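Let me begin by presenting the structure, written as structure tokens, before commenting on it.
All of these numbers come straight from a predicted model, not from anything done at the bench.
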Amino acid sequence: MTRALALALILSALAHPAAAQERPPERPTPEEPLEAPESEGGDMDGTQAEDAPQPETPGTDAAAQEAFGPPPPPVWFTLAESEAQFDSCRLALSVMGARFRPVAPVTDPEMRDCGIARPLQLEAILPGIALTGAPVMRCDAALSLALWTRDFLQPAAGLLPDAPRLTGLQTGPAYSCRDRVGTGEAEPKPSEHGYGNAIDVMGFVFDQGDPAPVLPRQGDGDAAESFQKAAQGTACLLFTTVLGPGSNAAHDDHLHLDIAGRNGGWRLCE
């Protein structure tokens with residue numbers, strides 16, 4: 001009887017295995033779905049809230065597009081020599097025998113770039129060699145003119161027939177606030193005359209004979225042509241721009257000489 005009861009219990013357990021094990025707990029279902037927290041300034045998808053302030057976009061204001069800061073200094077101010085440089089240049093002119101006097105700074109109320117910070121007015125570039133136009137220019141330009149006259153014009157004059165002595169240069173006023181001429185451009189750049197860097201030579205005066213004006217002499221085959229070509233060619237050793245007959249029609253009657261600064265020391269000689 002006991003054995004029969006035990007066998008019945010075994011058969012009953014084999015017939016219902018799930019009843020012998022404990023059922024695993026089910027995952028609880030939340031009553032409401034969880035909401036993602038909003039980020040500052042908008043939703044999670046990047047959409048800005050309607051009442052959120054919109055950031056200003058740089059450059060939308062017209063004033064923000066204007067150049068920042070004050071305007072650059074005028075050209076004449078950037079070319080101004082220091083006291084030491086000016087004194088050294090005047091000393092060199094004095095040693096060579098030039099006659100000059102410092103004059104008040106030159107500016108132009110209509111063209112802010114025009115002017116000379118420390119101008120000189122010259123009467124004679126070397127002893128006995130007058131400048132007819134009493135030109136006003138920067139000291140550096142005057143020094144180039146003096147060196148050219150001493151080292152090239154005087155020796156060349158001594159090689160002319162009868163060896164005349166050079167006694168003057170027919171010049172313009174040098175300083176003149178204007179644009180360049182003879183460029184063919186609708187809006188030419190400002191002339192170096194406006195900075196005191198340039199001078200025009202219209203002719204050469206000797207102690208005998210008539211003055212030798214600058215003019216087209218190509219093919220004349222005389223001493224006057226040789227002297228003018230020597231003057232025009234050697235000028236580019238002391239000046240960075242030399243224009244004259246053969247350059248353009250605007251320079252057929254004079255030599256334009258200036259000391260414009262260019263990259264790499266490049267010179268314009270025509």
[atom2] on [Y] to [atom1] on [X], rounded to 0.5 Å:
{"X": "Glu123", "Y": "Phe100", "atom1": "CD", "atom2": "CZ", "value": "11.0 Å"}
{"X": "Asn197", "Y": "Phe239", "atom1": "CG", "atom2": "CZ", "value": "10.5 Å"}
{"X": "Leu160", "Y": "Arg165", "atom1": "CG", "atom2": "CZ", "value": "14.0 Å"}
{"X": "Leu268", "Y": "Cys236", "atom1": "CG", "atom2": "SG", "value": "7.5 Å"}
{"X": "Arg99", "Y": "Ile129", "atom1": "CZ", "atom2": "CD1", "value": "11.0 Å"}
{"X": "Ile259", "Y": "Ser144", "atom1": "CD1", "atom2": "OG", "value": "5.5 Å"}

State yes or no: are the ring centers of Tyr195 and Phe77 separated by less than 6.0 Å? no
Taking the side chain as everything from C-beta on, heavy atoms only, tell me whether [X] gets closer than 4.5 Å to [Y].
{"X": "Asp252", "Y": "Leu215", "answer": "no"}
{"X": "Val201", "Y": "Gln170", "answer": "no"}
{"X": "Trp266", "Y": "Thr240", "answer": "no"}
{"X": "Pro102", "Y": "Arg90", "answer": "yes"}
{"X": "Met202", "Y": "Asp253", "answer": "no"}
{"X": "Glu81", "Y": "Asp87", "answer": "no"}
{"X": "Val214", "Y": "Phe204", "answer": "yes"}
{"X": "Val181", "Y": "His251", "answer": "yes"}

Looking only at side-chain N and O atoms, does [Y] offer a donor or acceptor that is under 3.5 Å from a partner on [X]?
{"X": "His193", "Y": "Asp200", "result": "yes"}
{"X": "Arg262", "Y": "Thr241", "result": "yes"}
{"X": "Trp76", "Y": "Thr107", "result": "no"}

CA sep, side-chain torsions, deciding dist, call: Leu93, Leu120, side chain to side chain contact (heavy atoms under 4.5 Å, CB included): CA-CA 11 Å; Leu93 284 175; Leu120 297 179; 3.8 Å; yes
Pairing residues for Asp140 by the salt bridge (Lys or Arg N to Asp or Glu O under 4.0 Å) criterion, not counting sequence neighbours: Arg138
Are Arg118 and Glu83 close enough for a salt bridge, meaning some N to O gap below 4.0 Å?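 A salt bridge is present here (some side-chain N lies under 4.0 Å from a carboxylate O).
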Atom of [X], atom of [Y] and distance for their closest heavy-atom approach:
{"X": "Val136", "Y": "Ala174", "value": "O-CB, 3.3 Å"}
{"X": "Gly196", "Y": "Ala141", "value": "O-CB, 3.7 Å"}
{"X": "Thr171", "Y": "Thr132", "value": "N-OG1, 3.1 Å"}
{"X": "Pro135", "Y": "Gly172", "value": "CB-O, 3.6 Å"}
{"X": "Leu166", "Y": "Val205", "value": "CD1-O, 3.3 Å"}

Under the criterion side chain to side chain contact (heavy atoms under 4.5 Å, CB included), I'd like the reasoning laid out for Leu153 against Leu169: C-alpha separation, chi angles, the key distance, then a yes or no. CA-CA 10 Å; Leu153 296 185; Leu169 302 180; 3.9 Å; yes
Side chain to side chain donor-acceptor pair (under 3.5 Å) pairs touching residues 214-227, sequence neighbours excluded, are Arg217-Gln228, Glu225-Lys229
Side chain to side chain contact (heavy atoms under 4.5 Å, CB included) between Tyr175 and Asp108, intermediate numbers included: CA-CA 11 Å; Tyr175 174 78; Asp108 190 288; 4.2 Å; yes
